[in-house]
Student: 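Before anything else, here's the structure in question.
In what follows, chains are A, B, ... by sequence order, proteins preceding strands, each numbered from 1.
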Amino acid sequence: MPELPEVEVVRRGLERWVSGRVVAHAEVLHPRAIRRHVPGAEEFVSRLRGRTIGSAERRGKYLWLPLDGSDAILAHLGMSGQLLVVEPGSAPEKHLRVRIGFADGGPELRFVDQRTFGHVLVTAMAHSGGRPVPEPIVHIAADPFEDHFDDEKFAGRLRAKQTEVKRALLDQSLISGVGNIYADEALWRAGLHGVRPTGTLTKPKIAELLAAARQVMSAALSEGGTSFDSLYVNVNGESGYFDRSLAVYGRRDEPCRKCGAPIIRESFMNRSSYSCPRCQPRPKRAGL
DNA sequence: CAAGAGACCTGCTAGC
DNA sequence: TGCTAGCAGGTCTCTT
């Protein structure tokens with residue numbers, strides 16, 4: 001489940017069902033799932049055996065489970081990854097990639113991923129953005145719900161970029177956690193078209209955009225996240241309901257919730273962008 | 001160095 | 001019915 005609210009739903013599930021437990025065994029069923037674990041599958045498995053799982057953490061769309069000692073299990077769900085907590089004997093999911101069993105004999109943790117863009121690995125910890133994070137994600141910026149997220153610095157870096165505002169929102173080294181859905185929703189709330197050059201945004205407008213992103217992601221989290229289908233679920237396999245509250249994403253030809261104009265879909269960065277042609281007019285030219 | 005295009009996957013759906 | 005093109009919520013890597 002890709003964007004910040006959906007990943008946070010999973011983090012909370014891991015915190016509740018996995019933290020504090022001792023790993024008894026692990027199994028890698030698809031090598032691609034651990035492709036970023038350089039030492040390979042055998043090392044991955046042996047490194048987990050006997051370890052105690054700590055409190056689940058998240059930055060943006062990355063999740064990690066600290067291990068006793070100083071390393072952690074790091075996971076990214078990619079486009080279709082799921083972390084599920086299921087009874088050890090239950091039938092393997094079609095796209096089951098990694099399985100972790102516990103010494104208490106209770107429910108096991110399964111990484112299921114249809115499209116295999118997600119991955120898990122065991123890694124050392126480092127430091128970035130005001131707190132300890134797994135070494136492979138030191139380049140990922142703080143997400144807007146972290147205490148260390150600096151609104152002023154974000155505004156400055158955003159305006160300095162030679163790019164368009166939606167691209168910048170999706171740039172995980174600038175602000176993490178925002179993906180295609182919530183970028184579109186935040187832009188709609190702020191009345192901005194995604195191709196607006198970042199250099200033309202005023203500080204108050206950037207503050208408004210940031211507030212919009214926080215609001216829409218908070219609202220989504222309180223509904224359990226956004227799910228259009230069974231691919232995006234919590235650790236117990238349940239979907240969220242925020243899709244009902246989306247203002248633009250996936251609503252082509254439906255009326256804008258502010259002005260009633262039909263929502264349009266445009267191609268941008270090889271993906272879909274949805275916007276209201278009246279509330280979010282396309283800039284006439286760079287500099288406007 | 002920064003910005004943008006392409007690559008990496010499977011499965012579903014719409015349209016012919 | 002069956003085929004194909006297009007699309008899906010992400011990030012990394014390579015080129016310019």
Student: Does the side chain of Arg115(A) get closer than 4.0 angstrom to OP1 or OP2 of dG11(B) through an N or O atom?
Tutor: no
Student: Spell out yes or no: do the side chain of Arg271(A) and the base of dA8(C) have one donor N/O and one acceptor N/O closer than 3.5 Å?
Tutor: no
Student: In whole angstrom, give the distance that lies between atom NE2 of His95(A) and atom C1' of dC12(B).
Tutor: 11 Å
Student: In the strands shown, is dT1(C) matched to any nucleotide by a Watson-Crick or G-U wobble pair with both distances under 3.5 Å, and which?
Tutor: none
Student: Using only heavy-atom distances, determine whether the side chains of Thr198(A) and Glu164(A) contain a donor-acceptor pair under 3.5 Å.
Tutor: no
Student: Does Gln114(A) or Leu170(A) map to a spot on DNA chain C nearer the 5' end, using the closest nucleotide for each?
Tutor: Gln114(A)
Student: Please report the distance, rounded to the nearest Å, between CZ in Phe111(A) and C1' in dC9(B).
Tutor: 12 Å
Student: CG of Asn270(A) versus P of dA3(B): gap in Å, rounded?
Tutor: 19 Å
Student: Counting the atoms with a prime plus P, OP1 and OP2 as sugar-phosphate, which does Tyr62(A) contact under 4.0 Å by heavy atoms, base, sugar-phosphate, or nothing?
Tutor: sugar-phosphate
Student: For Ala160(A) and for Thr116(A), find the nucleotide of DNA chain B with the closest heavy atom, then tell me which residue's nucleotide is more 5'.
Tutor: Ala160(A)
Student: Pick from Leu4(A), Thr226(A), Leu170(A): which one makes a side chain to side chain contact (heavy atoms under 4.5 Å, CB included) with Tyr182(A)?
Tutor: Thr226(A)
Student: If pairing requires Watson-Crick or G-U wobble contacts with both distances under 3.5 Å, which nucleotide is the partner of dC9(B)?
Tutor: none
Student: Are side-chain N/O atoms of Thr116(A) and Arg32(A) paired as donor and acceptor at under 3.5 Å?
Tutor: yes
Student: If I pick the P atom on dC9(B) and the same atom on dC3(C), what distance separates them, to the nearest angstrom?
Tutor: 25 Å
Student: Is Lys94(A) close enough to dT10(B) that one of its side-chain N or O atoms is under 4.0 Å from OP1 or OP2 there?
Tutor: no
Student: Cation over ring, Arg21(A) on Phe102(A), under 6.0 Å and within 45°?
Tutor: yes
Student: Given dC9(B), is OP1 or OP2 found less than 4.0 Å from the side-chain N or O atoms of Arg32(A)?
Tutor: yes
Student: Can you check the Tyr232(A) OH to dA8(C) C1' distance for me, whole Å?
Tutor: 6 Å
Student: So, OP1 or OP2 of dT11(C): does either fall under 4.0 Å of a side-chain N or O from Gln172(A)?
Tutor: yes
Student: For Arg35(A), answer base if it contacts any base atom (sugar-phosphate contacts may also be present), sugar-phosphate if it contacts only those atoms, and nothing otherwise; contact means non-hydrogen atoms under 4.0 Å.
Tutor: nothing
Student: Does the side chain of Arg265(A) get closer than 4.0 angstrom to OP1 or OP2 of dG6(C) through an N or O atom?
Tutor: no
Student: Within the pair Lys161(A) and dA2(B), is there a side-chain N or O less than 4.0 Å away from OP1 or OP2?
Tutor: no
Student: Start at the 5' end of DNA chain C and walk down; is the nucleotide closest to Val178(A) or to Ser267(A) reached first?
Tutor: Ser267(A)
Student: Give a yes/no on whether any side-chain N or O of Ser272(A) is located under 4.0 angstrom from OP1 or OP2 of dA8(C).
Tutor: yes
Student: Would you classify His119(A) as touching base, sugar-phosphate or nothing, given that sugar-phosphate means primed atoms plus P, OP1 and OP2, and contacts are heavy atoms under 4.0 Å?
Tutor: nothing
Student: I'd like to check, for Phe117(A), whether its ring lies over the base of dC8(B) with centroids under 5.5 Å apart and a plane angle smaller than 30°.
Tutor: yes
Student: To the nearest Å, how far apart are Gln82(A) CD and dG10(C) P?
Tutor: 16 Å
Student: Looking only at side-chain N and O atoms, does His76(A) come under 4.0 Å of OP1 or OP2 in dG10(C)?
Tutor: no
Student: Describe, in one word, how the ring planes of Tyr62(A) and His76(A) are oriented to each other, choosing from parallel (under 30°), tilted (30 to 60°) and perpendicular (over 60°).
Tutor: perpendicular
Student: Taking only side-chain N and O atoms of Arg36(A), does any of them lie within less than 4.0 angstrom of OP1 or OP2 on dT13(C)?
Tutor: yes
Student: With a distance cut-off below 6.0 Å to the six-membered ring centre and an angular limit of 45° from the axis, does Arg167(A) pair with Phe268(A) as a cation-pi contact?
Tutor: yes
